[in-house]
J.: 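First, the structure itself, so that you have it in front of you.
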Amino acid sequence: MAYDHQSIEAKWQQIWEDEKTFEAFEDESRPKFYNVAMYPYPSGDLHVGHLRNYTYIDLVTRYKMMQGYNVLSPMGWDSFGLPAENRAIETGVHPSESVSSQIDAMKVHFRQLGAGFDWQRELASHWPSYYQWDQWLFIQLFDRGLAYKKEAPVNWCPQDQTVLANEQVVEGACERCGTIVEKKNLAQWFFKITDFADRLLNDLDQLDEWPDRVRTMQRNWIGRSTGAQFSLAVDDSTDSFEVFTTRPDTIFGMTFAVLAPEHPLVDRLISGTDQEADARRYMTAAGRASEIERLSEGAKSGVFTGRHVINPVNGARVPIYIADYVLMGYGTGAIMAVPGQDQRDWEFATRYGIDIIRTVQPPAGYDGEAFTGDGVTINSDFLNGLSRGEAIDSMIKWFEAEGLGTATVNYRLRDWLISRQRYWGAPIPIVSCPACGLVAVPDDELPVLLPDVPDYAPKGQSPLAALEDWVATTCPSCGGGARRETDTMDTFVDSAWYFFRYTDPHNAGQIFDPEKARYWMPIDQYIGGVEHAVLHLLYARFITKFLFDVGLSSVEEPFARLFTQGMITLNGAKMSKSKGNVIPPDRYYREFGADAMRLFELFVGPPTDDAVWNDNGVAGTARFLDRVWKMGTESNDYIDRAEDDRDRALIADTHRAISKVTDDLDRFHFNTTVPVLMTLANTMTDYLADGPREETFKAAYAAMVFMLSPMAPHIAHELWERTGHDTMLATEPWPVADARLLERSTVTMVIQVNGKLRDRVDVDADIDAGDAERLALESDKISQWIDGQAVKRIIVREPNLVNIVVD
RNA sequence: GCCGGAGUGGCGAAACCGGUUUACGCGCGGCACUCAAAAUGCCGUGUCCGAAAGGACAUGCGGGUUCGAAUCCCGCCUCCGGCACCA
């Protein structure tokens with residue numbers, strides 16, 4: 001009977017739902033396994049690239065379940081955010097309506113794929129029962145000074161009409177829409193992630209089950225550098241300013257100093273100097289230029305202030321410049337410039353005719369510009385002759401003794417800007433009172449519900465600001481008139497802790513029960529796209545550390561093991577609606593079934609790598625499933641007879657397949673598991689062609705069905721049932737290979753002459769070295785190749801190889 | 001510029017510890033079944049020479065280590081990803 005994938009897949013999807021096969025409960029008697037796919041934005045249409053990810057997560061769920069783990073694999077929706085809101089602006093449909101229908105469409109996809117999720121724990125960030133706890137979390141941070149409002153130059157996307165976090169600016173452009181961002185001075189809400197910089201950096205070392213690439217990206221993003229911060233006094237003035245340097249050892253080479261155009265001291269310094277007009281003109285130009293323009297300009301530009309600073313180590317009087325290659329946002333916004341040892345300073349000094357003094361001896365014959373390598377310190381008085389490290393230490397001691405500075409650590413990481421001037425997000429639960437200042441909304445008034453608005457269009461401030469009745473409120477502290485915060489939270493706040501809520505999703509009185517979180521956390525396997533390497537994955541680590549600090553989380557790191565899957569591409573391009581190269585899975589479901597598609601998603605290539613979609617591939621895996629089906633349902637003519645060599649060989653091959661599939665699943669080498677099963681099926685076909693056998697074949701076939709269960713669950717469950725079992729295959733124990741059967745009694749021994757393959761012979765696996773050598777020399781082919789030449793050496797690696805070395 | 005990763009048939013890829021290169025699938029060619037086609041099954045399929053037996057050459061390029069290298073080392077080339085005036 002032909003395999004009817006349509007009705008059989010629907011049948012098992014219904015059974016898994018009815019029997020609640022994937023609902024999980026805390027159970028201290030079994031090891032837990034918390035398995036999470038990054039919760040998706042509900043975009044409705046999934047394409048074959050998305051399904052690779054969900055095939056992997058479901059494979060892990062089913063595999064770990066069969067291995068006896070108490071597996072939790074929940075699913076939820078990252079449902080706040082711009083796409084729903086932009087759709088609302090176009091169509092007038094409220095985002096909550098469009099999001100709900102998208103969620104329904106996605107659930108149909110997951111069901112069709114046969115994905116085993118615990119739907120009883122479903123959550124969505126736009127549900128008030130969820131974002132209430134976003135708001136609660138915000139207040140916890142606020143109460144501890146870790147959420148604060150500050151006016152600062154921030155990234156503004158003119159297209160989306162909202163500010164962006166640093167992490168959301170990619171090469172000077174909005175990560176979402178690609179528009180060049182502008183700098184604006186605005187009062188915005190920040191989370192003080194910088195307080196956690198050292199922990200976020202150091203704990204990366206523990207995450208040895210994370211891809212190195214992601215850890216490196218986070219390290220670079222945090223960007224810790226050590227050095228010294230010290231004070232430079234302005235000549236003829238009581239003013240001074242702080243500078244940060246990683247190279248205090250080069251201070252004798254300082255021939256100028258530079259302030260960022262936005263530095264607060266600039267105005268006072270230039271006032272009344274001959275250079276004032278020039279300087280002001282430069283600052284206006286620099287302020288107008290976008291970051292991209294500043295970067296692309298190439299040659300460093302700047303302007304002399306007319307003022308000087310005194311080098312504290314030798315009293316040298318050096319000019320102060322303003323230049324936009326110094327950034328206000330890093331360090332102190334001011335530097336000592338040492339062109340001899342810094343390439344940027346070198347370029348600037350060359351352009352403006354400033355002196356260059358080398359303080360590190362370059363190697364003989366060095367003809368480069370600034371020398372940034374290691375060498376002996378020169379031209380530096382009491383530092384002369386010291387190595388870089390010694391000179392740095394000496395200088396820091398000197399600064400400390402003089403009271404001018406100290407050793408300092410600087411980070412590239414900035415505080416996380418979380419307020420957004422958009423509608424579709426969680427309202428920030430703060431009230432601004434003329435008398436009391438910024439006051440948190442009390443817990444018993446949460447959630448601050450997101451009100452309906454007549455107009456979603458962004459106008460530079462949140463659409464909520466137009467709702468005067470909503471904005472006007474009373475102060476929770478003094479009862480006087482006050483105004484609500486109208487900005488909403490970045491959706492990355494929602495996603496920074498949702499995996500805690502999964503552990504206790506219906507708790508109405510608490511963000512989650514710490515005991516339930518303790519049972520499930522940390523996530524044993526987290527799967528998602530590498531595009532979140534420094535966004536979601538960093539924020540979630542930060543919030544987890546905060547929850548740890550306040551006693552809610554038992555772990556400091558949320559994701560014990562991280563897997564980042566590659567993309568599916570088509571004609572060399574990422575699938576996207578805008579490119580019009582999206583392949584929907586529907587046709588494959590219809591023609592070949594979800595199981596065949598799942599197998600091809602596994603088979604298509606190494607899981608971490610991008611893979612090219614091949615339209616014929618699913619037909620190939622469907623053919624394989626068809627063969628397996630026929631073998632199980634059409635070969636009923638078993639005969640009874642004693643086991644022979646052929647039977648023993650089949651059983652041994654089966655155990656080798658179990659061993660290999662188990663190893664490969666453990667190592668996430670999913671692409672190599674499918675060929676193992678295909679090869680086993682080919683072996684079984686050959687076996688059947690030679691005449692059916694009873695018990696032996698049944699055992700091999702059962703192993704095939706078990707191994708298919710996590711990969712192609714529908715057909716596997718159906719075959720399990722049809723071969724006379726009334727248990728649920730999903731919860732049957734995973735087969736274990738018998739180590740004694742894995743070893744072969746005979747192997748093919750390769751005979752080489754001078755490393756080139758010349759003959760092969762079958763030998764007993766326990767052949768000794770002497771016999772192997774003798775057998776090799778007895779070979780006719782080999783004696784032809786030796787042909788009288790002197791045998792210099794014979795390398796024997798019994799039982800696999802003999803290599804005869806001749807002159 | 002700096003930091004990662006990769007380069008193996010017509011294509012996706014295997015080869016896990018240095019030991020039979022190219023498993024498995026796609027594609028392609030042939031055959032069987034069929035009135036025919038589809039589906040299915042079987043056989044073949046790295047390149048070159050050769051009728052065959054067989055041989056030579058092949059893992060981006062050039063060297064090296066080794067009895068033996070896709071794998072280790074050195075130097076290049078190309079592609080992909082990340083960071084990029086971070087002082």
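Protein chains get the first letters and strands the later ones, always in sequence-line order, with residue 1 at the start of each.
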J.: In whole Å, what separates the P atom of B:C11 from that of B:G63?
T.: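 To the nearest whole Å, 26 Å.
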J.: Could you tell me how far B:C83 sits from B:C16 if I compare only their P atoms? Round to whole Å.
T.: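 Roughly 33 Å separates the two P atoms.
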J.: For A:Trp221 and B:G82, what is the distance between atoms CH2 and P respectively, to the nearest whole Å?
T.: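 Whole-Å distance recorded here is 12 Å.
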J.: For B:A32, which nucleotide is its Watson-Crick or G-U wobble mate, given both distances must be under 3.5 Å?
T.: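 Result: B:U40.
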J.: State, without any angle test, whether A:Asn410 and A:Ser225 hold a side-chain donor-acceptor pair at a distance under 3.5 Å.
T.: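 The criterion, which ignores hydrogens and geometry beyond distance, is not satisfied for A:Ser225 and A:Asn410.
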J.: Does the structure show a Watson-Crick or G-U wobble partner for B:G75, both distances under 3.5 Å? Name it, or say none.
T.: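 Base-paired to B:C61.
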J.: Give one of base, sugar-phosphate or nothing for A:Val750, where a contact means two heavy atoms less than 4.0 Å apart.
T.: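 Counting heavy atoms under 4.0 Å across all strands, the contact made by A:Val750 includes a base.
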J.: Across all strands shown, which nucleotide pairs with B:A84 by Watson-Crick or G-U wobble geometry, both distances under 3.5 Å?
T.: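 Pair assignment: B:A84 / none.
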J.: Can you tell me the pairing partner of B:G9 across any strand shown, Watson-Crick or G-U wobble, with both distances under 3.5 angstrom?
T.: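 Check on B:G9: unpaired, no WC or wobble geometry under 3.5 Å.
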J.: Go through the side-chain N and O atoms of A:Glu167 and A:Trp221 and say whether any donor and acceptor fall under 3.5 Å apart.
T.: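 The criterion, which ignores hydrogens and geometry beyond distance, is satisfied for A:Trp221 and A:Glu167.
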J.: Calculate the interatomic distance between A:Gln218 atom CD and B:G82 atom P; express it in whole Å.
T.: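 Whole-Å distance recorded here is 15 Å.
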J.: Which nucleotide sits closest to the side chain of A:Arg760: B:A87, B:U20, B:C16?
T.: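 Looking only at heavy atoms from C-beta outward on A:Arg760, the closest nucleotide is B:U20.
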J.: Side chain of A:Phe603, heavy atoms from C-beta onward: which of B:C85, B:U20, B:G25 has the nearest atom to it?
T.: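 Among B:C85, B:U20, B:G25, the one nearest the side chain of A:Phe603 is B:G25.
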J.: Taking only side-chain nitrogens and oxygens of A:Asn754, does any of them come within less than 4.0 Å of OP1 or OP2 of B:C67?
T.: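 False: A:Asn754 side-chain N/O out of range (4.0 Å or more) of B:C67 OP1/OP2.
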J.: Quick one: is A:Arg213 getting a side-chain N or O under 4.0 Å of the B:G5 phosphate, OP1 or OP2?
T.: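 So the side chain of A:Arg213 is outside the cut-off, no N or O lying under 4.0 Å from OP1 or OP2 of B:G5.
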J.: Any luck finding a side-chain donor-acceptor pair between A:Thr748 and A:Asp762 under 3.5 Å?
T.: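 The criterion, which ignores hydrogens and geometry beyond distance, is satisfied for A:Asp762 and A:Thr748.
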J.: Would you indicate what A:Lys660 reaches in the nucleic acid, counting non-hydrogen atoms under 4.0 angstrom: base, sugar-phosphate, or nothing?
T.: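 It contacts base atoms.
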J.: Would you say a side-chain N or O of A:Asn682 is under 4.0 Å from OP1 or OP2 of B:A23?
T.: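 Answer is no, no contact under 4.0 Å.
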J.: Rounded to whole angstrom, note down the P distance from B:C80 over to B:A13.
T.: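 Straight-line distance between the two P atoms is 16 Å.
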J.: How far, in whole Å, is B:G60 from B:G9 if one measures between their C1' atoms?
T.: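 Each nucleotide's C1' atom is 15 Å from the other's.
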J.: Between B:G19, B:A87, B:G82, which nucleotide has the shortest distance from any of its atoms to the side chain of A:Tyr330?
T.: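 Selected nucleotide (nearest to the side chain): B:A87.
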J.: I would like to know whether A:Tyr3 and A:Thr633 meet side chain to side chain donor-acceptor pair (under 3.5 Å); could you show each step before the answer?
T.: CA-CA 9 Å; A:Tyr3 173 53; A:Thr633 54; over 6 Å; no
J.: At 4.0 Å (heavy atoms only), tell me whether A:Gly617 reaches a base, stays on the sugar-phosphate, or touches nothing.
T.: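 Touches nothing.
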J.: Say you draw a straight line from CG of A:Asp345 to CD of A:Glu369; how long is it, rounded to the nearest 0.5 Å?
T.: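 Here the rounded value is 12.5 Å.
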J.: Closer than 4.0 Å, any side-chain N/O of A:Arg793 to the OP1 or OP2 of B:G68?
T.: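 For B:G68, OP1/OP2 do not have a side-chain N/O of A:Arg793 under 4.0 Å.
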J.: I'd like to know whether CZ of A:Arg744 has more than 12 heavy-atom contacts from other residues, nucleotides or ligands below 6.0 angstrom.
T.: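 Check fails, neighbour count at 12 or below.
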J.: Examine the side chains of A:Asn682 and A:Arg627 and answer whether a donor and an acceptor come within less than 3.5 Å of each other.
T.: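 Side-chain D/A pair, A:Asn682 to A:Arg627: present.
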J.: Between B:U20 and B:C28, how far is it from one C1' atom to the other, in whole Å?
T.: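 Pairwise C1' distance, B:U20 against B:C28, rounds to 27 Å.
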J.: Can you tell me how far P of B:C24 sits from CG of A:Asp664, to the nearest Å?
T.: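 After rounding, the gap between these two atoms is 16 Å.
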J.: Whole angstrom is fine here: how far is it from CD in A:Gln789 over to P in B:C67?
T.: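 My rounded result for the distance is 18 Å.
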J.: Looking only at the side chain of A:Thr672 (C-beta and beyond, no hydrogens), which of the listed nucleotides B:A15, B:G25, B:A56 gets closest?
T.: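 Given the options B:A15, B:G25, B:A56, the side chain of A:Thr672 is closest to B:A15.
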J.: Counting the atoms with a prime plus P, OP1 and OP2 as sugar-phosphate, which does A:Arg623 contact under 4.0 Å by heavy atoms, base, sugar-phosphate, or nothing?
T.: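 Contact class for A:Arg623: sugar-phosphate only.
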J.: When the ring centroid of A:Phe348 is compared with that of A:Phe256, is the distance short of 6.0 Å?
T.: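 Yes: the rings meet the under 6.0 Å criterion.
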J.: Do the two ring centres, one from A:Phe600 and one from A:Trp613, sit under 6.0 Å apart?
T.: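 Yes, they do, as the ring centres are separated by less than 6.0 Å.
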J.: Anti or syn, where syn is a glycosidic angle within 90° of 0; which label fits B:G29?
T.: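 The base of B:G29 is oriented anti (glycosidic angle more than 90° from 0).
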J.: Just the rounded figure in Å: distance from P of B:G68 to CG of A:Leu801.
T.: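 Rounding to the nearest Å, CG of A:Leu801 and P of B:G68 are 12 Å apart.
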J.: Name the closest nucleotide to the A:Tyr325 side chain, picking from B:C85, B:G25, B:C83.
T.: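 Output: B:C85.
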J.: Within the 4.0 Å heavy-atom criterion, would you say A:Asp212 contacts the bases, only the backbone, or no part of the nucleic acid?
T.: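 Counting heavy atoms under 4.0 Å across all strands, no contact is made by A:Asp212.
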J.: Can you work out whether A:Lys756 or A:Asp610 has the more 5'-proximal nearest nucleotide on RNA chain B?
T.: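 That would be A:Asp610.
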J.: Expressed in whole Å, how much space separates the P atoms belonging to B:C61 and B:U78?
T.: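 Their P atoms lie roughly 15 Å apart.
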J.: For B:G27, give its Watson-Crick or G-U wobble partner with both distances under 3.5 Å, or none.
T.: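 Per the H-bond distance test, B:U45.
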J.: Does the side chain of A:Asn803 get closer than 4.0 angstrom to OP1 or OP2 of B:G19 through an N or O atom?
T.: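 Answer no for this pair, as no side-chain N or O of A:Asn803 is under 4.0 Å from OP1 or OP2.
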J.: Picking from B:G19, B:C24, B:G55, which would you name as closest to the side chain of A:Trp785?
T.: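 Output: B:G55.
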J.: Over all strands shown, is A:Arg224 touching base, sugar-phosphate only, or nothing at heavy-atom distances under 4.0 angstrom?
T.: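 No contact.
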J.: Roughly, in whole Å, what's the span from CG in A:Asn614 to P in B:G10?
T.: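 One finds 17 Å between P of B:G10 and CG of A:Asn614, rounded.
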J.: Quick one: CG on A:Asp615 to CD1 on A:Ile583, what's the gap to the nearest 0.5 Å?
T.: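 It comes to 6.0 Å.
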J.: Distance check, C1' atoms only: B:A14 and B:U59, in whole angstrom units.
T.: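 Result for the C1' pair: 12 Å, nearest Å.
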J.: Paired with B:A14 by Watson-Crick or G-U wobble geometry, both distances under 3.5 Å: which nucleotide is it?
T.: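 Checking every strand shown, B:A14 finds no partner, since no pair has both distances under 3.5 Å.
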J.: When you measure only distances, ignoring hydrogens and angles, does the side chain of A:Arg797 come within 3.5 Å of the base of B:G19 through a donor and an acceptor?
T.: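 For A:Arg797, whose side chain was compared with the base of B:G19, there is a donor-acceptor pair (under 3.5 Å).
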J.: Checking one value: the base orientation of B:C17, syn if chi is within 90 degrees of 0, otherwise anti.
T.: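 Here the answer is syn: the torsion falls within 90° of 0.
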J.: A:Leu327 side chain: which of B:A87, B:A14, B:C26 is closest?
T.: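 The closest nucleotide is B:A87.
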J.: Rounded to whole Å, how long is the line connecting atom OH of A:Tyr321 with atom C1' of B:C85?
T.: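 From A:Tyr321 OH to B:C85 C1': 18 Å.
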J.: Distance check, P atoms only: B:A56 and B:U21, in whole angstrom units.
T.: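 One P to the other, the span is 12 Å.
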J.: Tell me which nucleotide among B:G19, B:A87, B:G82 gets nearest to the side chain of A:Ser225.
T.: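 Ranking B:G19, B:A87, B:G82 by closest atom to the A:Ser225 side chain puts B:A87 first.
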J.: Heavy atoms from C-beta onward define the side chain here; which of B:G27, B:U20, B:A14 lies closest to that of A:Pro606?
T.: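 Of all the options, the side chain of A:Pro606 is nearest to B:A14.
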J.: Could you tell me the separation between the CG atom of A:Leu757 and the C1' atom of B:C67, rounded to a whole number of Å?
T.: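 Distance check: A:Leu757 CG to B:C67 C1' gives 15 Å.
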J.: Ignoring backbone atoms, test whether A:Arg758 places a side-chain nitrogen or oxygen under 4.0 Å from the OP1 or OP2 oxygen of B:A56.
T.: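 It does, given that an N or O in the side chain of A:Arg758 lies less than 4.0 Å from OP1 or OP2 of B:A56.
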J.: Out of B:C42, B:C24, B:A15, which nucleotide sits closest to the side chain of A:Thr679?
T.: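 Comparing B:C42, B:C24, B:A15 against the side chain of A:Thr679, the answer is B:C24.
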J.: So does A:Gln752 reach the base of B:G19 with its side chain, donor to acceptor, closer than 3.5 Å?
T.: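 Pair found.
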J.: Side-chain N or O of A:Thr216 versus OP1/OP2 of B:G82: is the shortest distance under 4.0 Å?
T.: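 False: A:Thr216 side-chain N/O out of range (4.0 Å or more) of B:G82 OP1/OP2.
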J.: Return the nucleotide paired to B:A51: Watson-Crick means purine N1 to pyrimidine N3 with N6-O4 or O6-N4, wobble means G-U with N1-O2 and O6-N3, both under 3.5 Å.
T.: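 Result: none.
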J.: So which nucleotide does B:A69 pair with, by the Watson-Crick or G-U wobble rule with both distances under 3.5 Å?
T.: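 WC or wobble partner does not exist here.
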